[in-house]
Number of protein chains: 2
Amino acid sequence: MATDRTHRPATSTRSRGIPEATVARLPVYLRALTALSERSVPTVSSEELASAAGVNSAKLRKDFSYLGSYGTRGVGYDVEYLVYQISRELGLTQDWPVVIVGIGNLGAALANYGGFASRGFRVAALIDADPAMAGRPVAGIPVQHTDALEKIISDNGVSIGVIATPAGSAQQVCDRLVQAGVTSILNFAPTVLSVPEGVDVRKVDLSIELQILAFHEQRKAGEDILPEGVIPDDETEPPVAPPADTVTKRPDPGSDGDRPAVMPA
Amino acid sequence: MATDRTHRPATSTRSRGIPEATVARLPVYLRALTALSERSVPTVSSEELASAAGVNSAKLRKDFSYLGSYGTRGVGYDVEYLVYQISRELGLTQDWPVVIVGIGNLGAALANYGGFASRGFRVAALIDADPAMAGRPVAGIPVQHTDALEKIISDNGVSIGVIATPAGSAQQVCDRLVQAGVTSILNFAPTVLSVPEGVDVRKVDLSIELQILAFHEQRKAGEDILPEGVIPDDETEPPVAPPADTVTKRPDPGSDGDRPAVMPA
DNA sequence: ATGCCTTTGTGAACGCGTGCACAAAGATGA
DNA sequence: TCATCTTTGTGCACGCGTTCACAAAGGCAT
Ligand SMILES: NC(=O)c1ccc[n+]([C@@H]2O[C@H](COP(=O)([O-])OP(=O)(O)OC[C@H]3O[C@@H](n4cnc5c(N)ncnc54)[C@H](O)[C@@H]3O)[C@@H](O)[C@H]2O)c1
Ligand SMILES: NC(=O)c1ccc[n+]([C@@H]2O[C@H](COP(=O)([O-])OP(=O)(O)OC[C@H]3O[C@@H](n4cnc5c(N)ncnc54)[C@H](O)[C@@H]3O)[C@@H](O)[C@H]2O)c1
């Protein structure tokens, strides 16, 4: 998963009784169900659907139980009916205008993404700070300048924004989006966005995903070489030099009023 | 979070003692630490770093405790040293050749992504099935035809592959990658990939992210209308038409194998 | 009707992840 | 050397999420 709910530990967790983990799986079920629907399959068992969605059947049944009892024992679930129920639960029965800010390589790719409009999401506008891009159509939609951001959000009643600007501009763009009324943000920039309570932020970070894969990859390689648990589990320091001379202990306990240590927020 | 570890419940979970949740946060810490390092900040307290990374300080300290005791009580953590330790733990001290398959809108954007090479990841090759793209340089790297996939993987010792092909081709491409020796896959196609044990798959799914945001967005809207907690916490059916007339309870307990209810998307 | 067979819905147990709160460690200054 | 102050490292408790296992429900055939 490239995303990761930013904050709201207790709040969103109990979102109306449906566990967050379940909410995250509903789209997956929906996709599988839609495929079945297109093949005119009338019903599916939890086992079959779970297999298609790549999850445990008990988990799937429990997930559905949060929505209500929509299955028929001995038979399974009605595909069409379930598609509707999940769509409704996810809020997909209504139209969600979305704005994409930062129409560079990624932003343009997102704008061209077909799966975007396929489920109730509509690209209401493409916004970029580069004056040279203003008016230029991308994916059939003319790019508008950042100056119009607030008006666009307001006029279209946009509540979901996608940030695809460089990291340095992300927080600033985020602030403007939130100020203008956006309450859900999908962030592709490699930055931790800080938003006021009530605003949801999900992030997609390619770099993080690769690093997580690298971690496991390294483990696999390590295990191949060291099938035995040679040194128990403590190769922590041996490899490199622990804090000693490098930069760590700068010899000067005195005043040093210049470099104000860290002092972040 | 747009990604989501596909399977391996017990296996990867206890990866060498470091919890999966911690592994997923290490890249975030690393990014914050790198920024501090560039500003020549020598040390940080867990509180400051946690704030920059957007997490709880206790969580951060516990995360670091899995790597060893690298902090100094009363002072904090040595930035440079921690950058090194985390990099090593994530396997970033080595070079990871990566191949991107499917050089369309998204694949091209990924190829152009600078943050790619910044941390030990190197785009070893760009692969596409379209003969017309063969040889065409994208981000300075010539696109190669799918026919050469196996040889490319093998020659470069690639163990990480990125799939950016249409959903329909994803599983097939995945199979070839795995067959050729890739053991970690980052999948951007909206499909559930099935892979043999030992292969890691992480997925990035824009559509799912938006749907999750829509769910919460819908809740927010609903709460605005119903400020009071009228019915305690069980508005499961009241809000919307429960199985009754709409399409819900198709009035006919008998057969009726035809057109079920609504079917939105 | 009745019994069999399939599949749901969920109680209960378990494990992971989170966050509090604090003892211990170590730096700093007298 | 000793007291004080800061910040780490972690024991502990709690809640969410996962999975097992099974009773109950319902379809279907006889
Ligand atoms: N390209 C990828 O595959 C990829 C992958 C992961 C993450 N990202 C991240 O996504 C973001 C965009 O990547 P990219 O490759 O498209 O970069 P890019 O440089 O091609 O595009 C960035 C665009 O944002 C615009 N922009 C800059 N500041 C702005 C502002 N304040 N308001 C509005 N628009 C502004 C620029 O004019 C430009 O068009 C970056 O943060 C990058 O790290 C990209
Ligand atoms: N564009 C986005 O923003 C975006 C967002 C989320 C998900 N996705 C997904 O990413 C994938 C790619 O999206 P896109 O917009 O770049 O599509 P695209 O059609 O622009 O590009 C797909 C590319 O894959 C190549 N391809 C097809 N079959 C192949 C095969 N068997 N082997 C190698 N290459 C093959 C095609 O030649 C084409 O160049 C799709 O699955 C899409 O659903 C895209």
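The chains referred to below are lettered A, B, ... by the order of the sequence lines, with proteins before strands, and numbering in each begins at 1.
Look at CD on A:E20: it is 16 Å from C1' on D:dT18, rounded to the nearest Å. In this structure, the CG atom of A:D63 is 13 Å from the C1' atom of C:dT10, given to the nearest Å. The separation between B:R25 atom CZ and C:dG19 atom C1' is 11 Å, rounded to whole Å. The distance between atom CG of B:D78 and atom P of C:dG26, rounded to the nearest whole Å, is 16 Å.
Using a 4.0 Å heavy-atom distance criterion, A:A21 is classed as a sugar-phosphate-only contact.
Summarising the geometry, atom CG belonging to B:L92 is positioned 6.5 Å from atom CG belonging to B:L30; distances are rounded to the nearest 0.5 Å. The distance from atom CG of B:D78 to atom OG1 of B:T72, rounded to the nearest 0.5 Å, is 7.5 Å.
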Listing time: all N or O pairs from protein to nucleotides 12-15 of chain C that are below 3.5 Å?
{"residue": "C:dA12", "atom": "N6", "partner": "A:K62", "partner atom": "NZ", "Å": "3.0"}

Can you tabulate the close N/O pairs, meaning under 3.5 Å, that link protein atoms to atoms of nucleotides 4-9 of chain C?
{"residue": "C:dT7", "atom": "O4'", "partner": "A:G74", "partner atom": "N", "Å": "2.9"}
{"residue": "C:dT8", "atom": "OP1", "partner": "A:S46", "partner atom": "N", "Å": "2.5"}
{"residue": "C:dT8", "atom": "OP2", "partner": "A:S46", "partner atom": "OG", "Å": "2.6"}
{"residue": "C:dT8", "atom": "O2", "partner": "A:R73", "partner atom": "NH1", "Å": "3.0"}
{"residue": "C:dG9", "atom": "OP1", "partner": "A:G71", "partner atom": "N", "Å": "3.0"}
{"residue": "C:dG9", "atom": "OP2", "partner": "A:Y77", "partner atom": "OH", "Å": "2.6"}
{"residue": "C:dG9", "atom": "O4'", "partner": "A:R73", "partner atom": "NH2", "Å": "2.9"}
{"residue": "C:dG9", "atom": "N7", "partner": "A:R61", "partner atom": "NE", "Å": "2.8"}
{"residue": "C:dG9", "atom": "O6", "partner": "A:R61", "partner atom": "NH2", "Å": "3.2"}

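Sequence neighbours left out, the pairs with a member in residues 57-77 of chain A that pass salt bridge (Lys or Arg N to Asp or Glu O under 4.0 Å) are A:R25-A:D63. Within the structure, no pair that satisfies the ring-ring contact (aromatic ring centres under 6.0 Å, His included) test touches residues 194-214 of chain B, not counting sequence neighbours.
Within the structure, every side-chain polar atom (N or O) of B:N56 is placed at least 4.0 Å from both OP1 and OP2 of C:dG17.
Under the side chain to side chain donor-acceptor pair (under 3.5 Å) criterion, A:T183 pairs with B:E217, not counting sequence neighbours. Residues forming a ring-ring contact (aromatic ring centres under 6.0 Å, His included) with A:Y77 (at least two apart in sequence, or on another chain): A:F64.
At a cut-off of 3.5 Å, with distance as the only test, a side-chain donor of B:Q211 or B:S207 sits close to an acceptor on the other residue. Counting only N and O atoms by type, the side chains of A:Y81 and A:Q85 include a donor and acceptor under 3.5 Å apart.
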